[in-house]
Amino acid sequence: MKRQVEDAPGAPPSQTPPASKILKGEEESKAQATPAPAARQRQTHEETEMGRQKERTEPAKVSDHSRDKSGACPDLDKEQQLQQEERKFTSLKASWEKSKFRLRLLEGHNDIVTCVAAVDNLVISGSRDTTVKVWHVPTAAEHKNLGGHTGGVTCLSAPPPEYCKRLAWSLSLFDKERFILSGSADCYVKIWALSIGQCVKSIYTFNAVTALCFVPEDDGYIITGSDGGKVQAWSWDTFENCQSINAHEEAVTSIQSQGPLVFSGSADGGVSVWENRCLNRDPLRLLHHWSGQVTGCRGGRLTLSPRGDRVILAFGQAWLKILHWRTGTTSRLTNHSSITGVTDCVHQTGGLLIGSCYDLANGDSMLNLFSLPQCQYLASLTWPEAPRILCLAAWMTGSGDHRWVTGGCSLIVWEQLPTSGKQRGDIIVKRDSRLVSCVLESEEDTEDDDETDEYKDDEDDTNQPGDGQSDGRMEDGGSGSWLRCVLQ
């Protein structure tokens, strides 16, 4: 305030009238302020009537002032809106507490399932055993076995139907043919026709492919990430390389698209946001890059799920990170009540946020559900001897029921059952009271660094996955292989 006063422009000097004029002015004001007795009575009566009218009109004026142009009270509307949101959340929570799912085990892979996708009523899975398998969901039967990769399959992506139709027409295939893209450590991206079970195109990338996505913009683009941190764009029409960028310092572990935007995440914790300009050459333009120091996701396998201005990050810790990618601010959402819990994958579907959770101390595995956009905890779903979940895909049926597929040591399809039916579900619904009390926390840089360091100390004691050491509890003999995206 002192600075504002000092910096303000100087006021003009006051013009002080002579003392005679002041006295004369005071006498005139006193004369005006002291009316005659008759006039004083009339004035008193008029003031009384005016006061009564003011008392009658003032409440209406105050009420009109407190309302907005629509005639509603803002404070009242806000309170009603909060109550409505609270009732909606309470109803949603109650419905999930009563939810029932039937689980179907899909057997056929000989190694860890690293990626899953869903196309119509088919489930597609990729494994470290080098195969891609297609499953028929209603019968839980293997539909196709797509063999051709010579290295572990690391990622899958399904192009939209309109782009599949264009490719099918160019290959003289059925108009409704659906395709799936697979990336592998053998440096190839393969395009498979699902109905005939054949590879129709192979793209050699010169790098082990660790992540990919399809961008449905203009003619369409395939975006791949490599074990060396390179991001590449490929034309859907010619399958030629449009751009190669050394985008990250370590392996690209996740690539997702949202309209013309492409999000890439790396094992170094960095997140990049790209804009697809739909050009034949160099279509990707970097909008933002946030390093691991900003995201706080240093170490482990980073997976991401974008929506709007927020990106949900999972990186093998007991919590999820929410990155506001335009500003670089982050929030933390607790996904496990113990520091021995790890999060391997995250997915958003409809108004639901799903995060996997695995406890290194006791081997408990579950899926935690949160409502969007507030990220309020709803429930946890598990079953006896549930395996660790490394990848997840989700979709909705025509009737509005949820269908999920999870991969890891086991490939499992989740089918939501009517709560009113007599059929018993296979899952157990729990609510962790320690997660109920947790809220979305904004992070300061210093607090985040301190907390991260504290957790790192604890993780060193428990041999957190990603440090290359064996903890003696993993079924495949080592924890590092669960979190590393490069499958040798």
Side-chain angles (χ1 to χ4, degrees), residues 108 114-127 129-137 141-226 231-244 255-257 259-260 262 276 278-281 283-284 393 395 405:
T114 58
C115 47
V116 289
V119 176
D120 298 332
N121 61 347
L122 300 176
V123 163
I124 300 92
S125 57
S127 171
D129 64 10
T130 75
T131 65
V132 175
K133 291 185 181 292
V134 183
W135 311 82
H136 188 243
V137 173
E142 183 177 323
H143 185 59
K144 299 289 182 182
N145 180 32
L146 311 180
H149 283 295
T150 59
V153 179
T154 58
C155 44
L156 296 169
S157 182
E162 57 270 25
Y163 289 89
C164 292
K165 185 176 182 179
R166 283 170 42 191
L167 180 59
W169 181 81
S170 66
L171 298 173
S172 299
L173 296 175
F174 184 52
D175 285 349
K176 295 185 179 180
E177 179 67 74
R178 296 301 302 270
F179 299 92
I180 193 75
L181 312 177
S182 63
S184 169
D186 63 6
C187 305
Y188 276 99
V189 171
K190 291 185 178 294
I191 304 175
W192 308 86
L194 295 181
S195 65
I196 62 178
Q198 293 182 5
C199 176
V200 297
K201 186 66 180 179
S202 291
I203 303 173
Y204 187 70
T205 67
F206 297 94
N207 303 276
V209 182
T210 54
L212 67 80
C213 75
F214 186 88
V215 181
E217 294 290 326
D218 196 42
D219 292 333
Y221 298 85
I222 303 170
I223 310 298
T224 61
S226 77
V231 172
Q232 295 177 291
W234 310 81
S235 169
W236 180 245
D237 278 348
T238 64
F239 303 107
E240 294 180 353
N241 181 259
C242 301
Q243 190 175 11
S244 294
I255 293 183
Q256 298 290 334
S257 65
V262 176
N276 184 354
C278 300
L279 302 175
N280 293 329
R281 300 300 305 175
L284 297 181
W395 69 102
V405 57

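All residue numbers in this chain count up from 1 along the given sequence.
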Sequence neighbours excluded and cut-off under 3.5 Å, please list the side-chain donor-acceptor pairs for residues 161-169, or say none.
| from | atom 1 | to | atom 2 | distance (Å) |
| --- | --- | --- | --- | --- |
| Y163 | OH | P216 | O | 3.4 |
| Y163 | OH | E217 | N | 3.4 |
| Y163 | OH | D218 | O | 2.9 |
| R166 | NH2 | D219 | O | 3.0 |
| R166 | NH2 | D237 | OD1 | 2.7 |

Exercise: identify the closest heavy-atom pair between L156 and L212 = C-CD1, 4.0 Å

Check whether any side-chain heavy atom of T205 lies under 4.5 Å from a side-chain heavy atom of C187, and answer yes or no.
-> yes

Indicate the atoms forming the closest heavy-atom contact of S182 with V132, along with that distance.
-> CB-CG2, 3.9 Å

Mind checking whether V405 and W135 have side chains closer than 4.5 Å, heavy atoms only?
-> no

When rounded to the nearest 0.5 Å, the distance separating CG of L181 from OG1 of T224 is 11.0 Å

Please tell me if the side chains of F179 and L173 come closer than 4.5 Å, counting only heavy atoms from C-beta onward.
-> yes

Which of these passes side-chain contact (heavy atoms from CB on, under 4.5 Å) with H149: S202, S184, S127?
-> S184

Value rounded to 0.5 Å, distance of CZ in F174 from OG in S195 | 8.5 Å

Using a 4.5 Å cut-off on heavy atoms from C-beta on, say whether the side chain of W236 contacts that of P159.
-> yes

On a heavy-atom basis, the closest approach of I180 and A117 is CD1-CB, 4.2 Å

Less than 4.5 Å apart, any side-chain heavy atom of V209 and any of Y188?
-> no

Judged by atom type as modelled, is there a donor-acceptor pair below 3.5 Å linking the side chain of S257 to the main-chain atoms of F214?
-> yes

Search all heavy atoms of V262 against all heavy atoms of C213 and return the closest pair with its distance.
-> CG1-SG, 4.5 Å

Applying side-chain contact (heavy atoms from CB on, under 4.5 Å) to V134 and not counting sequence neighbours gives L122, I124, H143, K144, L146, L194

Measure the shortest side-chain to side-chain distance between V116 and S125 over non-hydrogen atoms and say whether it is less than 4.5 angstrom.
-> yes

If you look at every heavy atom in T154 and A185, which pair is closest and at what distance?
-> CG2-N, 4.3 Å

Sorted by first residue and then second, give each salt bridge (charged side-chain N to carboxylate O under 4.0 Å, His left out) pair with at least one member in residues 182-205; sequence neighbours left out.
-> none

Heavy-atom neighbours of N280 CG exceed 12 at 6.0 Å | no

Specify the closest pair of heavy atoms between V200 and A193, including all atoms of both residues, with the distance to one decimal.
-> CG1-CB, 4.0 Å

So, do W234 and V189 sit near enough that their side-chain heavy atoms are less than 4.5 Å apart?
-> no

Using distance alone, with no hydrogens and no angle criterion, decide if S235 and E240 have a side-chain donor and acceptor under 3.5 Å apart.
-> no

Side-chain heavy atoms of V123 within contact of W395, under 4.5 Å = yes

